[in-house]
Amino acid sequence: MSIPVYIRKDYFRAVDLTDKSAHILEFHYRPQTVDVFEEGLSVFHMEYILESKTRAEIIEFYLTDFGLRGRGYGTACMNEIAAEFGKKGVTMITAPTGYELAPLGYTGPDQYRELMAGFYAKTGFAVSGDGDLAMKILG
């Protein structure tokens, strides 16, 4: 069962990325999705389920342009979205670290899972012992 809830419709946020450059990102929150734009162009997409009023599960997320990887967009977006979840009473976020098949651009599921585990650890998530689940406690 999922509980669709509007967290926020949309808002702008100034962020500094890895190269220390400033960017204005526009966050659009909808029930079960968050889309992030910069200068009108999509940069990030997330799908999630609120399993309860206090628990969110990330189904998937991705940068819309593979060339944006490693520049800090994913980290900035994930940190901002987690903060918004926390403001709305969510206390735990879970997410898979990989899938049966790796997305295009990766050599395989193991490489993808390893990269995702590193990303989640960088954004404050703990990765389970078997490496298949990431979890973040908020607040």
Side-chain angles (χ1 to χ4, degrees):
M1 179 174 123
S2 67
I3 303 169
V5 173
Y6 281 99
I7 292 185
R8 249 181 154 169
K9 188 174 178 188
D10 52 75
Y11 70 101
F12 293 88
R13 174 77 179 185
V15 299
D16 288 330
L17 298 184
T18 306
D19 63 0
K20 306 295 183 209
S21 59
H23 298 258
I24 303 293
L25 300 181
E26 182 179 354
F27 289 77
H28 291 238
Y29 287 89
R30 306 287 184 264
Q32 302 179 333
T33 65
V34 181
D35 287 291
V36 183
F37 300 87
E38 182 176 37
E39 297 180 1
L41 299 174
S42 175
V43 295
F44 183 90
H45 174 79
M46 175 188 284
E47 293 182 25
Y48 67 92
I49 295 173
L50 288 176
E51 296 176 333
S52 70
K53 290 182 179 183
T54 61
R55 183 177 169 158
E57 179 184 357
I58 296 171
I59 304 302
E60 73 169 341
F61 73 92
Y62 52 86
L63 293 170
T64 54
D65 179 348
F66 199 77
L68 297 176
R69 242 186 91 215
R71 296 183 51 200
Y73 283 96
T75 300
C77 292
M78 185 64 73
N79 288 337
E80 184 65 23
I81 292 165
E84 284 300 308
F85 280 155
K87 289 177 188 175
K88 293 299 180 180
V90 171
T91 58
M92 184 170 69
I93 303 171
T94 59
T97 57
Y99 306 98
E100 298 253 346
L101 299 172
L104 290 175
Y106 297 92
T107 59
D110 291 336
Q111 180 211 22
Y112 183 72
R113 194 172 289 109
E114 186 178 318
L115 287 170
M116 290 307 299
F119 170 79
Y120 280 121
K122 183 171 57 172
T123 56
F125 284 74
V127 178
S128 66
D130 57 6
D132 67 345
L133 182 73
M135 178 176 56
K136 183 171 187 169
I137 304 297
L138 303 175

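Taking the side chain as every heavy atom from C-beta outward, M78 and F125 approach each other to under 4.5 Å. No side-chain heavy atom of L68 sits less than 4.5 Å from a side-chain heavy atom of E38. Between I49 and E51 there is a side-chain heavy-atom pair separated by less than 4.5 Å. Between E57 and R55, the closest side-chain pair of non-hydrogen atoms is not below 4.5 Å. With contacts defined as side-chain heavy-atom distances shorter than 4.5 Å, the pair F44/L25 does not qualify. The shortest side-chain heavy-atom distance between Y120 and K136 does not fall under the 4.5 Å cut-off.
In this structure, V127 and A117 approach most closely via the heavy-atom pair CG2-O, 3.8 Å. Of all heavy-atom pairs spanning L17 and A76, the tightest one is CD2-CB, 4.1 Å.
Other residues sharing a hydrophobic cluster with M135 under the 4.5 Å side-chain heavy-atom criterion for ILVMFWY residues are M92, I137.
I58 and Y112 fall within a single hydrophobic cluster, where Ile, Leu, Val, Met, Phe, Trp and Tyr side chains are chained together by heavy-atom contacts under 4.5 Å. Grouping the Ile, Leu, Val, Met, Phe, Trp and Tyr side chains by contacts below 4.5 angstrom, directly or via other members, places V15 with F61. L41 and F27 fall into different hydrophobic clusters, defined by Ile, Leu, Val, Met, Phe, Trp and Tyr side-chain heavy atoms under 4.5 Å apart, directly or through other members. Residues I93 and L133 do not share a hydrophobic cluster, defined by chaining ILVMFWY side chains whose heavy atoms lie under 4.5 Å apart.
Atom-to-atom distance recorded for N79:CG and K122:NZ is 9.5 Å, nearest 0.5 angstrom. Atom OG1 of T33 sits about 12.0 Å away from atom CD1 of I59, to the nearest 0.5 Å.
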*F119/T75 under side chain to side chain contact (heavy atoms under 4.5 Å, CB included): CA gap, chis, key distance, verdict*: CA-CA 8 Å; F119 170 79; T75 300; 3.7 Å; yes

_For L115 and R69: C-alpha separation, side-chain torsions, deciding distance, then whether side chain to side chain contact (heavy atoms under 4.5 Å, CB included) applies._
CA-CA 11 Å; L115 287 170; R69 242 186 91 215; 3.7 Å; yes

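Counting non-hydrogen atoms of other residues, nucleotides and ligands closer than 6.0 Å to CD of Q111 gives a total above 12.
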